[in-house]
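I have placed the structure first, in the form of structure tokens, so that the comments after it can refer back to it.
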Amino acid sequence: MKKTIEDFENNARPEWNREANWAKIESSIKAPGKFRKTPWLLLLLGLTVFGTGYALSYYVHQAKNKHSVPVETKIQPDTIQVIAEFRDTVEQYRKQFIYQRDTVFIVKEMALNLVPESPEKNENVGIAELPELHIPPNTIFTLPDFKSIRTGKRTSKPYATNVFFDDTTSVTRTEFRIFHRIEGKEWDMILEELIVLIK
Amino acid sequence: MSEQEILILYKKDRRKALKNLHGLYADVCYMVAKRYLRNNEDAEEIVMDTFLIAFEKLQEFQWIHDGSLKAWLKKVTINNCLMKLRKKRLVFEEEISIEFEREDELVFSNLQYHEIVKAVQSLPQQYSLVFQLHEVDGFSHPEIAILLGLSPGSSKAYLNRARTSLKEILIPLGYKYE
């Protein structure tokens, strides 16, 4: 049976359109680039998709950052919200900021200790009563121009940097008031140091 | 042009080599494909696929002796046929046959090609496939098991039933089982 089949198939001249079959095969292989083009086209397509996706994600990220701007706009530039983990001396601030570079973490309860002469510090007045201004975790916003506090003029970019709030942070209005009050020479000095270090 | 000459030509001009190869073996591949698929159009498509694979893979082929290129092409053809049948969702069930016949060759006197093929193709496709793979194209049961996703035992069971069925078809027609 096997031999009969093999012998027949090996010598058969079946009626079928062999030429047309070859023509189809030939058209598939004719363009030598055909098989090589495909990976390049796929790569190009991939890069286009990736590029578009990247650009989109970049703009979405930018847009999200813009959405965090209201936080910034609510806080007046004069109300400096830079508060550090260290509270006692200017030197400690400096060390902190050297270590932290341009990232500033706010710890709200320490804010009160920054200003010993503040009545709120001793009396602890109003903190519980005042509504908290919640800043979403990892909000990024641009610091106001510190220099402007001292000179009274606003220059936009030179001292701008990003502040990252850690997720435990919420800033009370009380704190803002305190900082608003301490605008003065001494605080300016601190800011000046910070400006240099944060830049 | 011999197989060896085609392989030498392939290194210089792949298209020309393939044309010669097609001229030499397209008919055989077509016959094999038609035997498995029972359909002219499908068989033509399989021949195309087979030679396109040859165009790409021939450089990896290790020539041993005259006829080995034909055997390789037939294997590629059969594989393509099985792939095509798999797409048609041909289902195999695991069969356990207790009694196996001796697997010596099934020989009927005076039986012609077309009569054999007709009888084989009249079997259920699962039986027909296993029979062709084993009895005609020389695949072992473990090989068939891999190709069809069966256990070797089931492959033997299908073959056993195919042989029994073929006898039942052919003997009443007057063919003598030798």
Side-chain angles (χ1 to χ4, degrees), chain A residues 1-67 137-138 140, chain B residues 14-23 25-35 40-41 43-56 67 70-71 74 77 105-117 119-120 131-132 134-138 163 166 170 175 177-178:
Chain A
M1 219 175 225
K2 178 183 166 70
K3 194 176 180 309
T4 311
I5 290 175
E6 271 187 349
D7 285 350
F8 186 87
E9 286 178 351
N10 287 339
N11 301 304
R13 286 286 170 264
E15 286 184 13
W16 69 301
N17 201 338
R18 192 163 52 144
E19 294 309 314
N21 189 266
W22 168 247
K24 282 182 193 171
I25 295 167
E26 196 178 30
S27 71
S28 297
I29 60 173
K30 207 164 194 176
K34 190 188 175 186
F35 293 101
R36 286 170 219 157
K37 267 181 196 167
T38 315
W40 285 110
L41 284 173
L42 283 173
L43 183 67
L44 192 66
L45 184 71
L47 282 172
T48 311
V49 170
F50 175 76
T52 313
Y54 184 81
L56 266 173
S57 70
Y58 175 78
Y59 283 113
V60 167
H61 182 70
Q62 291 293 317
K64 276 185 179 172
N65 281 351
K66 275 191 176 176
H67 281 297
N138 300 316
I140 300 167
Chain B
R14 293 204 298 171
R15 195 200 65 82
K16 209 170 175 182
L18 195 75
K19 190 178 183 183
N20 280 288
L21 190 65
H22 188 269
Y25 291 138
D27 284 345
V28 183
C29 294
Y30 176 77
M31 292 299 286
V32 171
K34 204 176 151 187
R35 169 159 54 84
N40 294 351
E41 284 174 12
E44 283 182 26
E45 203 181 305
I46 292 297
V47 174
M48 244 185 85
D49 293 345
T50 302
F51 281 87
L52 284 173
I53 288 171
F55 184 72
E56 288 297 308
K70 181 169 75 174
K74 278 172 81 171
T77 305
E105 199 188 341
L106 202 60
V107 181
F108 285 90
S109 58
N110 301 322
L111 197 60
Q112 302 300 304
Y113 174 82
H114 292 292
E115 293 159 336
I116 300 169
V117 170
V120 170
F131 182 84
Q132 289 184 72
H134 189 270
E135 297 283 289
V136 183
D137 296 307
R163 290 163 66 100
L166 274 178
L170 293 170
Y175 296 107
Y177 177 58
E178 294 178 353

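Just so it is clear, the structure is predicted and the values come from calculations on it, not from any experiment. In the text below, chain A, chain B and the rest are named by the order of the sequence lines, each starting its count at 1.
- Of all the listed residues (Asn17(A), Thr4(A), Ile5(A)), the one sharing the greatest number of non-hydrogen pairs under 4.5 Å with chain B is Ile5(A).
- Chain A forms more heavy-atom pairs under 4.5 Å with one residue of Leu18(B), Asp49(B), Val117(B) than with any other, namely Leu18(B).
- Looking only at side-chain heavy atoms (C-beta outward), Val47(B) and Trp16(A) come within less than 4.5 Å of each other.
- Glu26(A) CD to Arg15(B) CZ: the interatomic distance, rounded to the nearest 0.5 Å, is 4.5 Å.
- The interface of residues 6-15 of chain A with chain B, defined by heavy-atom distances below 4.5 Å, comprises Glu6(A), Phe8(A), Glu9(A), Asn10(A), Ala12(A), Arg13(A), Pro14(A), Glu15(A).
- For the options Gln132(B), Lys70(B), Lys74(B), heavy-atom pairs under 4.5 Å to chain A are most numerous at Lys70(B).
- The candidate with the highest count of non-hydrogen atom pairs below 4.5 Å against chain A, out of Val136(B), Asp27(B), Val32(B), is Asp27(B).
- Separating the CD1 atom in Ile25(A) from the NE2 atom in His22(B) is a distance of 3.5 Å, to the nearest 0.5 Å.
- Annotation: the span from Lys24(A) atom NZ to Phe51(B) atom CZ amounts to 14.5 Å, rounded to 0.5 Å.
- For Asn40(B), no part lies under 4.5 angstrom from a heavy atom of chain A.
- Gln112(B) touches chain A through its backbone: at least one of N, CA, C or O sits under 4.5 Å from a heavy atom, while the side chain does not.
- Both the backbone and the side chain of Tyr113(B) come within contact range of chain A, each with at least one heavy atom under 4.5 Å from a heavy atom of that chain.
- Across Met48(B) and Ser28(A), no two heavy atoms sit closer than the pair CE-OG, 4.3 Å.
- Gly23(B) and Arg18(A) make their closest contact through O-NH1, 2.8 Å (heavy atoms, listed as atom of the first residue, atom of the second, distance).
- Partners of Glu45(B) according to the salt bridge (charged side-chain N to carboxylate O under 4.0 Å, His left out) rule, which considers only residues two or more places apart in sequence or in another chain, are Lys84(B).
- For Leu43(A), the side-chain contact (heavy atoms from CB on, under 4.5 Å) partners at least two apart in sequence or on another chain are Trp40(A), Leu47(A).
- Applying the side-chain hydrogen bond (donor to acceptor under 3.5 Å, both in side chains) rule to Trp22(A) yields no partners; only residues at least two apart in sequence or on another chain are considered.
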